[in-house]
Amino acid sequence: MTPRVRIAPSPTGPLHIGTARTALFNYLYARHHGGTFMLRVEDTDQARSTLAYERDILDGLHWLGLSWDEGPEVAGRPAVGPYAPYRQSERTQLYREAADRLLQQDRAYACYCSREQLEADKRAQEAAHQPPHYVGRCASLTPEQRRLNEAQGIASAVRFRVGRELVAFDDLIRGRVEIDTTALGGDLVILRSDGTPLYHFTVAVDDATMAITHVIRGEDHLSNTPKHILLFRALGADVPQFAHLPLILNADRTKMSKRKSQTAVSDYVAQGFVREGFVNYLALLGWASGTEEELFSLDELVERFEIERVHSGGAVFDRERLEWLNGQWIRRLGPDDLAERLAGFLAAELDAREAAGARIRRPAQDEIRTLVPLVQERLPVLGAIGDLVDFLFLGEIAVTPEMLVPKRWDERTTLEALKAARATIADVPPVTFEADELEPPLRALADERGWKAGDLFMAIRVAITGRTATPPLFDTLVALGRDRTLQRLEDGIRLLETEKATVTGG
RNA sequence: GCCCCCAUCGUCUAGAGGCCUAGGACGCCACCCUUUCAAGGUGGAGAUCAGGGGUUCGAAUCCCCUUGGGGGCACCA
């Protein structure tokens with residue numbers, strides 16, 4: 001049997017990391033077994049669902065590289081797959097029909113309880129230290145009573161009868177799980193009094209209708225599974241296999257939430273995580289290959305993924321490890337590819353600087369490509385590009401005399417060194433202004449004066465970049481260009497001279 | 001409160017009765033490389049395998065209990 005799996009996000013918020021991980025595992029399972037990966041939008045909560053969130057979720061899944069075989073119509077393009085529609089808001093008729101069938105078979109009944117009554121029940125149960133459950137007030141209404149309620153125009157919800165039994169299933173990850181239906185909270189509402197369906201019902205109806213064979217989802221649904229199984233059976237459908245993935249956790253080991261962690265995939269995209277690193281990290285949250293390898297592309301994951309190797313304990317989201325993995329993948333990117341991915345991040349950074357009042361220059365055609373060798377192994381995230389090379393594009397860099405003076409040096413030496421360096425660099429003609437041509441004379445200069453090369457280089461570095469940590473100096477000089485390099489050295493020299501004048505003259 | 005799930009270094013994990021004086025990775029610390037920062041290399045600290053009982057010649061691995069943690073119990077998804 002070729003598996004049919006699905007990811008069923010609810011557009012009530014941006015794509016959540018947990019949803020992304022669940023989507024990934026479903027995708028891996030489908031692809032590994034040559035099955036079908038389906039996307040279904042669970043937008044039955046009209047009040048909270050928005051199109052913007054749906055967009056964010058679809059974009060996020062695309063970004064991750066998780067293409068679905070069946071899914072809803074998007075941007076004017078028709079739905080793909082034989083089970084359309086794939087958006088629950090367009091399937092209401094189906095739910096109503098299914099509910100009608102259950103009603104006719106007396107596996108469900110009309111419930112006329114008011115909100116107030118139900119709340120009073122709940123309060124009473126709480127006071128009696130009982131688990132919240134429906135008391136069954138409407139479970140055995142006579143036809144006469146029902147007619148009376150209807151005549152009074154009391155709106156009714158539809159409740160599914162939950163009998164007393166032990167429901168068991170073999171979870172692909174956890175093994176056998178048995179839950180007594182008495183722990184389920186009584187007969188559950190499947191249709192609200194306004195006729196709209198509820199989550200547990202729509203999942204079961206859809207998974208049944210769409211011939212889902214394996215339900216792979218978060219552990220937070222484990223306790224709900226018996227409800228779904230009961231519904232599947234009542235609907236006359238085959239019960240799928242279940243696999244409940246461990247939860248992704250906040251640092252305090254509670255279920256990952258946006259209150260305590262960054263949960264929106266789009267935020268990680270915006271910070272410059274690359275899909276390769278992100279996917280790799282997500283896969284490692286709950287799954288391990290069993291070998292000591294841990295860098296896997298999506299295709300490699302597809303090849304190696306086995307649901308049995310997913311383990312059952314929750315996993316704390318560790319951003320440092322994510323960043324490390326991300327850096328690994330950034331280093332593996334081809335130069336043109338990296339340059340292309342970097343462009344937007346640099347532009348955004350420069351926009352921000354400009355908006356803050358800075359005078360900036362925009363990178364020339366192909367300039368970013370030439371910067372790649374300087375930055376590739378220094379980027380934990382693409383968004384770090386600004387901090388790494390901003391001095392190349394800023395009209396003015398912020399330098400103070402204190403910064404200019406290397407640790408072991410004094411102001412006088414620094415001034416002297418900067419002047420000498422300026423002269424030395426000025427001696428290198430524009431046509432040969434290259435790293436290989438710049439390094440030897442500067443080293444020779446240090447030698448001549450008895451300076452440590454590192455100190456000289458540091459003074460130059462700070463003068464031309466305003467930073468003590470930069471890409472390799474000579475490459476940086478080249479990237480800056482001869483004119484700007486000389487100009488900034490002069491600026492540095494002038495800064496020290498005025499400083500000295502103030503000190504001695506004051 | 002009730003039900004369910006889980007439990008190996010700070011974190012992600014390997015481990016399916018002897019190969020474990022518990023392996024790898026992130027992070028941390030040293031050292032090497034080195035013009036700074038990274039990257040890379042080498043080494044180190046770091047887990048009485050939550051605790052206690054069994055089973056067994058032998059248990060991180062199997063069973064039970066305890067403890068701890070988490071999740072679920074809506075006319076939310």
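Order of the sequence lines fixes the chain letters, A, B, ..., with proteins taken first and strands second; residue numbering starts at 1 for each chain. As a basis for the values below, the full set of heavy atoms in this structure was taken, side chains included, without hydrogen atoms, waters or symmetry mates.
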Self-check item: B:C75 base / A:R115 side chain donor-acceptor hit below 3.5 Å
Solution: no
Self-check item: Rounded interatomic separation in angstrom, taking CG from A:D475 and C1' from B:A39
Solution: 14 Å
Quiz prompt | Member of A:W451, A:F474, A:W409 meeting the ring pair (Phe, Tyr, Trp, His ring centres under 6.0 Å) criterion with A:F457 | solution = A:F474
Quiz item: With a non-hydrogen cut-off below 4.0 angstrom, is A:R217 in contact with a base, only sugar-phosphate, or nothing?
Solution: nothing
Quiz item: So, are A:R6 and A:D206 salt-bridged, with charged N and O less than 4.0 Å apart?
Solution: no
Quiz item: Below 4.0 angstrom, N of the basic side chain to O of the carboxylate: do A:R341 and A:E276 qualify?
Solution: yes
Practice problem: Take A:K255 and A:Q130, find for each the nucleotide of RNA chain B with the closest heavy atom, and name the residue whose nucleotide sits nearer the 5' end. | Solution: A:Q130
Exercise. Calculate the interatomic distance between A:E323 atom CD and B:A39 atom P; express it in whole Å.
Key: 11 Å
Quiz item: When all nucleic acid strands are considered with a 4.0 Å heavy-atom cut-off, which category describes A:P380: base, sugar-phosphate, or nothing?
Solution: nothing
Quiz item: When the C1' atoms of B:U34 and B:G40 are considered, how many whole Å apart are they?
Solution: 11 Å
Practice problem: Could you measure between the two P atoms, the one in B:A14 and the one in B:G54, and give it in whole Å? | Solution: 30 Å
Self-check item: Most 5' of A:P471 and A:T254 on RNA chain B, judged by nearest nucleotide
Solution: A:P471
Practice problem: Name the nucleic acid region contacted by A:L473, choosing base, sugar-phosphate or nothing; use a 4.0 angstrom heavy-atom cut-off, strictly under. | Solution: base
Quiz item: Do A:Y281 and A:F317 make the cut of ring centroids closer than 6.0 angstrom?
Solution: yes
Practice problem: Give A:H311 one of three labels, base, sugar-phosphate or nothing, depending on what nucleic acid heavy atoms sit under 4.0 Å from its own. | Solution: sugar-phosphate
Quiz item: Out of B:C76, B:A39, B:A74, which has the shortest distance to the side chain of A:K122?
Solution: B:A74
Practice problem: State whether A:E90 and A:R87 are salt-bridged, where the test is any N-O pair (Lys NZ or Arg NE/NH1/NH2 against Asp/Glu carboxylate O) under 4.0 Å. | Solution: yes
Quiz item: Any side-chain N or O of A:R192 under 4.0 Å from OP1/OP2 of B:A74?
Solution: no
Quiz item: Will you find, in the side chains of A:Y109 and A:D187, an N or O donor that is under 3.5 Å from an N or O acceptor?
Solution: yes
Quiz item: Looking at A:R174 and A:P246, what are the two nearest heavy atoms and their distance?
Solution: NH2-N, 3.6 Å
Quiz item: For A:S289, which contact category applies under a 4.0 Å heavy-atom criterion: base, sugar-phosphate, or nothing?
Solution: nothing
Quiz item: What integer number of Å spans the C1' atoms of B:C3 and B:U61?
Solution: 28 Å
Quiz item: Looking for any heavy atom pair under 4.0 Å, which part of the strands does A:H221 touch: base, sugar-phosphate only, or nothing?
Solution: base
Do any N or O atoms of the protein come closer than 3.5 Å to N or O atoms of nucleotides 23-28 of chain B, and which pairs are they?
| unit_1 | atom_1 | unit_2 | atom_2 | d |
| --- | --- | --- | --- | --- |
| B:G23 | O2' | A:E292 | OE2 | 2.8 |
| B:G24 | O4' | A:E292 | OE2 | 3.2 |
| B:A25 | O4' | A:E294 | OE2 | 3.1 |
| B:A25 | O2' | A:E294 | OE2 | 2.7 |
| B:A25 | O2' | A:R321 | NH1 | 3.0 |
| B:A25 | N3 | A:R321 | NH1 | 3.3 |
| B:C26 | O2' | A:R321 | N | 3.3 |

Self-check item: Set of ring-ring contact (aromatic ring centres under 6.0 Å, His included) partners for A:F278, sequence neighbours left out
Solution: A:W63, A:Y268
Practice problem: Report yes if a side-chain nitrogen or oxygen of A:T291 is closer than 4.0 Å to either non-bridging phosphate oxygen (OP1 or OP2) of B:A14; otherwise report no. | Solution: no
Quiz item: Does B:A74 have a Watson-Crick or wobble mate here (both distances under 3.5 Å), and if so which one?
Solution: none
Self-check item: Side chain of A:E42 - closest among B:A77, B:U36, B:G1
Solution: B:A77
Exercise. Pick base, sugar-phosphate or nothing for A:A469, based on heavy-atom distances below 4.0 Å to the nucleic acid.
Key: base
Exercise. Would you mind classifying the nucleic acid contact of A:D45 as base, sugar-phosphate or nothing, using non-hydrogen atoms under 4.0 angstrom?
Key: sugar-phosphate
Quiz item: When you compare B:G71 with B:C26, how far apart are their C1' atoms, in angstrom units rounded to a whole number?
Solution: 27 Å
Quiz prompt | Interatomic distance where CZ belongs to A:R408 and C1' belongs to B:U36 [whole Å] | solution = 12 Å
Quiz item: With a non-hydrogen cut-off below 4.0 angstrom, is A:L118 in contact with a base, only sugar-phosphate, or nothing?
Solution: base
Self-check item: OP1 or OP2 of B:G68 under 4.0 Å from side-chain N/O of A:R253
Solution: no
Quiz prompt | Short side-chain donor-acceptor distance under 3.5 Å, A:R192 and A:T44 | solution = no
Practice problem: Please state whether the base of B:U35 and the side chain of A:R461 form at least one donor-acceptor pair under 3.5 Å? | Solution: yes
Quiz item: Is any side-chain N or O of A:R331 closer than 4.0 Å to OP1 or OP2 of B:G40?
Solution: yes
Quiz item: Rounding to a whole Å, what distance do you find between A:R6:CZ and B:A77:C1'?
Solution: 12 Å
Quiz item: Which part of the nucleic acid, if any, lies within reach of A:F474 when heavy atoms closer than 4.0 Å are counted: base, sugar-phosphate only, or nothing?
Solution: base
Exercise. Could you check how far CD of A:E306 sits from P of B:A16, rounded to whole Å?
Key: 15 Å
Quiz item: Distance under 6.0 Å and angle within 45° of the ring axis: does A:R21 meet both against A:F25?
Solution: yes
Exercise. Tell me which nucleotide among B:C76, B:G71, B:A77 gets nearest to the side chain of A:D220.
Key: B:G71
Quiz item: For B:C31, which nucleotide is its Watson-Crick or G-U wobble mate, given both distances must be under 3.5 Å?
Solution: B:G41
Self-check item: Whole-angstrom distance between B:U48 and B:C32, as gauged at atom P
Solution: 33 Å
Quiz item: What is the base-pairing partner of B:C26, counting Watson-Crick and G-U wobble geometry with both distances under 3.5 Å?
Solution: B:G10
Exercise. Counting heavy atoms from C-beta on, name the nucleotide in B:C37, B:G40, B:A14 closest to the side chain of A:A288.
Key: B:A14
Quiz item: Contact class for A:G327 vs. all strands (heavy atom < 4.0 Å): base, sugar-phosphate, or nothing?
Solution: nothing
Produce the list of close N/O pairs, under 3.5 Å, pairing protein atoms with atoms of nucleotides 4-6 of chain B; give distances to one decimal.
| unit_1 | atom_1 | unit_2 | atom_2 | d |
| --- | --- | --- | --- | --- |
| B:C5 | O2' | A:R174 | NH1 | 2.6 |
| B:C5 | O2' | A:E219 | OE2 | 3.1 |

Quiz item: For atom C1', what is the distance between B:C64 and B:A59, given to the nearest Å?
Solution: 15 Å
Self-check item: Rounded distance in Å between the P positions of B:A25 and B:C65
Solution: 38 Å
Quiz item: Given the C1' atoms of B:U8 and B:G68, what is the spacing between them in whole Å?
Solution: 16 Å
Quiz item: A:Y134 ring centre to A:R159 NZ or CZ under 6.0 Å, with the angle to the axis within 45°?
Solution: yes
Quiz item: So, A:R461 versus A:T470: side-chain donor-acceptor pair below 3.5 Å or not?
Solution: yes
Quiz item: Roughly, in whole Å, what's the span from CG in A:L285 to P in B:C12?
Solution: 8 Å
Self-check item: Nucleotide B:C75, atom P - distance to CZ of A:R137 in whole Å
Solution: 12 Å
Practice problem: Considering only NZ, NE, NH1 and NH2 on the basic side and carboxylate oxygens on the acidic side, decide whether A:R319 and A:E323 come within less than 4.0 Å. | Solution: yes
Quiz item: With respect to the side chain of A:Y199, which nucleotide from B:A77, B:C75, B:C12 is positioned closest?
Solution: B:A77
Quiz item: B:A77 phosphate, OP1 or OP2: any side-chain N/O from A:R48 under 4.0 angstrom?
Solution: no
Practice problem: Please round to the nearest 0.5 Å and tell me the distance separating atom NE2 of A:H244 and atom CD1 of A:I216. | Solution: 10.5 Å
